[in-house]
Amino acid sequence: MSKLSASNAIIFTCASLLSSLAQARYYDDVIDSGYIRVGFYRDFPPYSYMENGKAVGVDVEVGKKIAEKLGVEFREHWITPDENLEDDLRNNVWKGHYLDKDEGNALALKTIADVMMRVPYDREYSYMQDSTGAVINEMVVMFGPYQRESWKVVYDSEKLDNVSTVAVFQYHPVGVEIDSLPAFYLTSAFGGRMRDKTHHYTNAREAFKGMESGEVDAVMAMRAEVDWLVSKSGDKKFKLGVNGYPNMGKQKWDIGMAVKHTYRQLGYAVGDVVEAMVRSGEMEQVYSKYGLSYEMPAFYQDVK
């Protein structure tokens, strides 16, 4: 073999290796390999985070259950959020990156997940089109709703008697995660009358710390985040609001999973595991373990 032929063969082999490492896998490949890679968002309690060197959180627990029911080893795949969900799906479900930017190593290869957790289960979003009429998320299948999420307020009962309406935040400071829907809502609703009382934080945990230190009297975030923070605090002065959010738009949404569109069989198998957990009450037990209230997805409420 000539030097040129040998070089070409090496290049072809390396390219094939790079491609295979960046691919999710068919159901049979997952079973034959003996493991499944489950994708979670990094540092996102109570859903997925590291504690004492171990991956924990409700999504991690569900991922482990999926692996157990399929009879394979569980392996976590950590996701650093990009600019939007479409980028996250592309980078972690159907295409991936050759370079792992998170590691800061130009030679490091980045694999992608066999299944990704915490993806909105929404028909309109799944079939959303771009300006040319092409389906934006045509390369993925979103399936397996396992939780209904919503927005929630927690408040300091020593500062507020109750929160029956968001109008109280015209007079009391409230903490939100920067660039979140609550941040947009509280700074724009009712003619912007709550804008000056809305304080922005890096995430819900920092907002809660702001309430503990007296910077704000309340925090608005996702229900599971609020439940977890209240449960972890153990301070009885922190109460959950019962208010609604006029003119906010969608206030509840189902959370599911995603696989690459060519791996539907894997999606069916994983979906069956999750459905059994939801219907048996096992899913609710996972949430209770983290001090969270659980609401069954609308899919199961409508289809008994």
Side-chain angles (χ1 to χ4, degrees), residues 8-42 47-48 54-55 57-82 85-103 105 107-121 126 135-146 255-278 282-283 286:
N8 288 340
I10 292 173
I11 291 171
F12 177 78
T13 300
C14 290
S16 298
L17 177 61
L18 288 169
S19 176
S20 65
L21 285 173
Q23 292 297 312
R25 301 170 299 156
Y26 289 100
Y27 171 78
D28 289 343
D29 294 332
V30 169
I31 299 302
D32 290 343
S33 72
Y35 71 90
I36 185 170
R37 285 191 299 262
V38 185
F40 316 100
Y41 281 106
R42 188 185 305 277
Y47 312 109
S48 46
K54 294 183 179 180
V58 290
D59 287 353
V60 174
E61 297 279 351
V62 174
K64 289 179 178 179
K65 290 289 184 181
I66 290 170
E68 178 186 330
K69 301 293 184 181
L70 294 182
V72 295
E73 175 191 343
F74 163 79
R75 293 187 184 179
E76 64 261 26
H77 169 88
W78 292 104
I79 298 169
T80 299
D82 211 314
L85 180 57
E86 290 79 43
D87 290 339
D88 294 343
L89 290 167
R90 181 185 65 249
N91 295 338
N92 296 280
V93 176
W94 65 268
K95 186 177 183 181
H97 286 306
Y98 285 124
L99 304 182
D100 189 341
K101 298 178 182 178
D102 296 332
E103 297 297 330
N105 182 350
L107 297 177
L109 298 176
K110 182 175 182 178
T111 58
I112 59 180
D114 296 310
V115 58
M116 176 175 166
M117 307 291 293
R118 199 143 294 275
V119 176
Y121 181 78
S126 297
V135 177
I136 294 174
N137 296 305
E138 66 177 350
M139 298 299 290
V140 299
V141 175
M142 301 177 200
F143 69 101
Y146 59 94
I255 295 296
M257 301 168 286
V259 295
K260 189 174 180 179
H261 72 109
T262 48
Y263 303 133
R264 292 175 185 269
Q265 185 181 2
L266 176 62
Y268 295 147
V270 171
D272 287 345
V273 171
V274 168
E275 179 175 353
M277 291 180 67
V278 172
E282 188 175 7
M283 188 69 72
V286 171

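Numbering of residues begins at 1 and proceeds along the displayed sequence.
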Can you name the closest pair of heavy atoms from Asp88 and Thr80 and give their distance?
OD1-O, 4.2 Å
Are any of the side-chain heavy atoms of Phe74 and Tyr35 separated by less than 4.5 Å?
no
Distance check, rounded to the nearest 0.5 Å: Trp78 atom CH2 versus Arg37 atom CZ?
15.5 Å
First locate atom CG of Leu266, then atom CG of Leu70, and finally report the distance between them rounded to the nearest 0.5 Å.
7.5 Å
By the salt bridge (Lys or Arg N to Asp or Glu O under 4.0 Å) test, which pairs, at least two apart or in different chains, include something from residues 71-80?
Glu73-Arg75
Student check: side-chain heavy atoms of Ile112 and Asn91 closer than 4.5 Å:
no
Identify the two heavy atoms, one from Ala55 and one from Lys64, that lie closest to each other, and give their separation to 0.1 Å.
O-NZ, 3.9 Å
Quiz item: cation-pi between Arg264 and Phe143, 6.0 Å / 45°
no
If you look at every heavy atom in Met283 and Val62, which pair is closest and at what distance?
SD-CG2, 3.5 Å
Write down the atom of Ala67, the atom of Ile36, and the distance for their closest heavy-atom approach.
CB-CG2, 3.8 Å
Atom pair CD1 (Ile79) and CZ (Phe40), whose distance is rounded to the nearest 0.5 Å
8.5 Å
Assess, by modelled atom type and distance only, whether the side chains of Asp32 and Tyr26 contain a donor and an acceptor separated by less than 3.5 Å.
no
Does any non-hydrogen side-chain atom of Val286 lie less than 4.5 Å from one of Met277?
yes
Are side-chain heavy atoms of Val38 and Val60 found at a separation under 4.5 Å?
no
Restricting to side-chain hydrogen bond (donor to acceptor under 3.5 Å, both in side chains), what partner residues turn up for Glu282, sequence neighbours left out?
Lys65
For residues Met142 and Val140, report the shortest heavy-atom separation together with the two atoms involved.
CE-CG2, 3.9 Å
Is it true that the side chains of Tyr41 and Asp59 contain a donor and an acceptor less than 3.5 Å apart?
no
Quick one: do Ser33 and Arg25 satisfy side chain to side chain contact (heavy atoms under 4.5 Å, CB included)? Show the steps, please.
CA-CA 10 Å; Ser33 72; Arg25 301 170 299 156; 2.7 Å; yes
Are the side chain of Tyr27 and the backbone N or O of Gly267 linked by a donor-acceptor pair below 3.5 Å?
no
For Ile66 and Val273 the tightest heavy-atom approach is CA-CG1, 3.9 Å
Rounded to the nearest 0.5 Å, what's the gap from CD on Gln265 to CG on Asp28? Could you check?
5.5 Å
Salt bridge (Lys or Arg N to Asp or Glu O under 4.0 Å) partners of Asp272, counting only residues at least two apart:
none
